[in-house]
There are 2 protein chains.
Amino acid sequence: MTQYKGQEHYLVAVDCIIFGFDGEHLNLLLIKRGFEPKKNKWSLMGGFVQPTEDLDGAAKRILHQLTGLKGVYLEQLKAFGQPKRDPEERTISISYFALIDINQYKEKISDTYAAEWFPLKKYPKLIFDHDKMIELAKGRLRYKASLHPILFELLPEKFTMPQLQNLYEDVYDTSFDKRNFSRKVLSTSLLVKLNDKDMSTSKKGAFYYKLNKKQYTENFHSFLKFIPNPDHLL
Amino acid sequence: MTQYKGQEHYLVAVDCIIFGFDGEHLNLLLIKRGFEPKKNKWSLMGGFVQPTEDLDGAAKRILHQLTGLKGVYLEQLKAFGQPKRDPEERTISISYFALIDINQYKEKISDTYAAEWFPLKKYPKLIFDHDKMIELAKGRLRYKASLHPILFELLPEKFTMPQLQNLYEDVYDTSFDKRNFSRKVLSTSLLVKLNDKDMSTSKKGAFYYKLNKKQYTENFHSFLKFIPNPDHLL
DNA sequence: ACAAAAGTGTTTAGCGTACACCCATGA
DNA sequence: TCATGGGTGTACGCTAAACACTTTTGT
C-alpha cells in the first residue's frame with residue numbers, strides 16, 4: 001500500500017485564460033514568456049504555486065500581477081498533467097479562466113509583462129498545451145454562458161442592450177432576434193434601466209443598463225434561456 | 001520574473017469519489033486508509049501520480065486497483081491545494097468522480113483495501129478535505145444529471161423504468177409523476193425496450209430497457225429536461 | 001377477489017419563436 | 001429629408017405539467 005516516502009514531487013503551476021470583450025469581439029490576453037524554455041514565445045499568464053498560498057490564491061495573485069485587478073471573476077477550469085507537457089521539468093498546471101472588463105485592464109496595464117490582446121478567433125501559437133487550455137476554456141465559457149449570466153462579467157458597469165447582444169452573438173458566432181433577446185433578458189430582472197444613453201454608436205442613442213447585483217448574485221445558479229438552440233452551438 | 005530554479009515541489013495525488021446505485025439509494029465507496037497519517041480512518045480511494053502517467057491515467061489506475069473495473073465513467077472534478085490539507089506534507093490532490101454499476105463492483109471486489117459502500121446521505125467523517133470533495137461531487141452530479149443522461153452510468157445493462165425513476169428521485173430527493181417521467185425519457189429515444197420483464201419487485205413485472213448506445217454517445221451533450229424545476233434542486 | 005405495482009392519454013396553460021413597423025436623431 | 005441604428009407588440013404552435021384509471025398477476 002502506498003506511502004509518502006519515495007514518491008516523486010512535481011512543480012505545480014497555475015495558468016490563467018483571461019477573456020475580455022472590446023465591444024466587437026471576445027479577446028484573449030496573452031504574454032510573451034520572459035524566461036527559458038520558450039523565452040519570447042506567446043503564452044498564457046502563469047506562475048508556480050507558492051508554499052503559503054492555495055490554488056485560488058495563486059490564480060488571484062497571478063491575475064493581479066498582470067492586470068492590477070482584484071475581485072475578478074475567476075474559475076478553476078482543469079488540471080493538466082501530461083508528463084512531458086513542460087519539456088523542462090514535469091509540471092502539473094491548474095488552469096483558471098478569468099472574465100474581465102477590458103476597459104479596467106487598460107487603465108491598470110502592467111508593463112512588466114509584454115502582454116497583448118488577441119481576438120479569440122485568431123490567436124498565435126502558444127507554448128506547451130496552452131492552446132488546449134484555451135479551447136477548453138472557450139467551450140466552458142459557451143457552455144456556462146448558455147445557462148448562467150456569466151457574460152455580464154465582461155461588460156463595464158454601464159452597457160447597452162445592443163452591446164450585450166453583440167457579446168452573446170460573438171460568443172456563439174451567430175445572431176439573435178433583438179426583440180426576443182431583449183425581452184428574455186429583461187424578463188429576468190437582472191438589469192436596471194438607466195436614464196442616460198450611449199450616443200456613440202447611433203444617432204438615436206441606446207439606453208444604458210446596469211446589473212441588478214442582488215438579483216445577479218442570488219439567482220446566479222438559476223438556469224437561463226437566452227440562447228435559442230444551445231445544443232448545436234456548444 | 002519567475003524561473004524554475006528554487007521553486008518548491010509538491011506531492012500530487014488523485015482522489016476518487018465513487019458513486020454507485022443499489023436500486024434504492026445513491027452510495028459512496030470508501031476505504032479504510034492503510035497508512036499513516038490517519039491510518040484506519042475512512043477516506044476516499046486515492047494515490048500519488050506516478051512519473052510516467054498523466055492525471056486521467058492515475059485516476060483510472062486507482063479506480064482499477066480498487067474495483068477491478070475498466071472503462072468506467074470518470075470525470076475530473078477539481079484540484080484541491082490548501083497548503084495544510086494533508087498535515088504530513090503539502091499535497092495537491094486532483095479529485096475525480098466515477099459512476100459505476102454497483103453490481104459489477106460486487107463481482108470484482110478487491111480485498112486489499114477495506115472498502116465499504118455508504119449511503120450518500122449518511123457517510124462517516126473522512127480524512128483531510130475529503131468531505132468537501134464529496135459535497136462538491138454531489139453537487140456536480142446533480143447539476144450534470146439535470147442536463148445530460150449521465151445517471152445511466154450507474155445502472156446495469158438492463159433496467160426498468162421504475163428503477164430509473166427511483167434513481168432520479170433519490171439523486172434529487174424528490175418525486176416525479178411517472179407518466180410525465182417515462183414519456184420524457186422515452187421521447188429522447190435513448191432507450192430500447194426489451195421483451196423480458198423484471199418480476200422481482202411486482203406481480204405484474206416491469207419491462208426491461210437498455211441504453212441505445214449510439215443515441216447516447218452521439219447526443220450526450222444535448223440538453224435534456226427530465227427534471228421539472230432543477231433550479232431549486234441543485 | 002383483492003392488493004400492489006406497472007402502464008398508459010388527454011387537457012390546458014405558459015413559454016418560446018417568428019415576424020415588421022415606428023422612433024429619434026445627426027448629417 | 002433621409003439614412004442609421006434603437007426600440008417595441010402580437011399571434012401561433014409546441015412543450016411541459018397536472019391529473020386518474022386500467023392492467024396484470026401472485027396470494
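Protein chains get the first letters and strands the later ones, always in sequence-line order, with residue 1 at the start of each.
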Under 3.5 Å: donor-acceptor pair, side chain of B/Y209, backbone of B/M161 = no
Looking at B/K184, does any N or O in its side chain come under 4.0 Å of the phosphate oxygens OP1/OP2 on D/dA17?
-> yes
Do A/F176 and A/E169 come close enough that some side-chain heavy atom pair is under 4.5 Å?
-> yes
For the side chain of B/D22 and the backbone of B/G20, is there at least one donor-acceptor N/O pair under 3.5 Å apart?
-> no
Can you tell me how far C1' of D/dG26 sits from CE of B/M199, to the nearest Å?
-> 9 Å
Quick one, give me the B/S/- string for nucleotides 3-11 of chain C, reading 5' to 3', where B means a protein heavy atom under 4.0 Å from the base and S means that only happens at the primed atoms, P, OP1 or OP2.
-> --BBBBBB-
Distance-only polar pair, side chains of B/S93 and B/D15, donor-acceptor under 3.5 Å = yes
Does the pair A/Y113 and A/K32 meet the rule for a side chain to side chain contact (heavy atoms under 4.5 Å, CB included), with working shown?
-> CA-CA 7 Å; A/Y113 308 91; A/K32 264 207 177 125; over 6 Å; no
Canonical and wobble pairing (Watson-Crick, G-U, under 3.5 Å) of DNA chain D, dot-bracket with | = |||||||||||||||||||||||||||
Does a salt bridge link A/K121 with A/D170, judged by any charged N lying under 4.0 Å from a carboxylate O?
-> yes
B/H130 (side chain) donor-acceptor with B/L44 (main chain) under 3.5 angstrom = yes
Would you mind reporting whether B/I17 and B/L141 have side-chain heavy atoms less than 4.5 Å apart?
-> no
Atom CG of A/L151 and atom CG of A/L26: how far apart are they, to the nearest 0.5 Å?
-> 8.0 Å
What is the distance from CZ of A/F159 to C1' of D/dG6, rounded to the nearest Å?
-> 16 Å
Determine whether the side chains of A/D56 and A/Y96 contain a donor N or O and an acceptor N or O closer than 3.5 Å.
-> yes
Can you sort out which residues in residues 218-234 of chain B have a heavy atom within less than 4.0 Å of DNA chain C? Ascending by number, please.
-> none
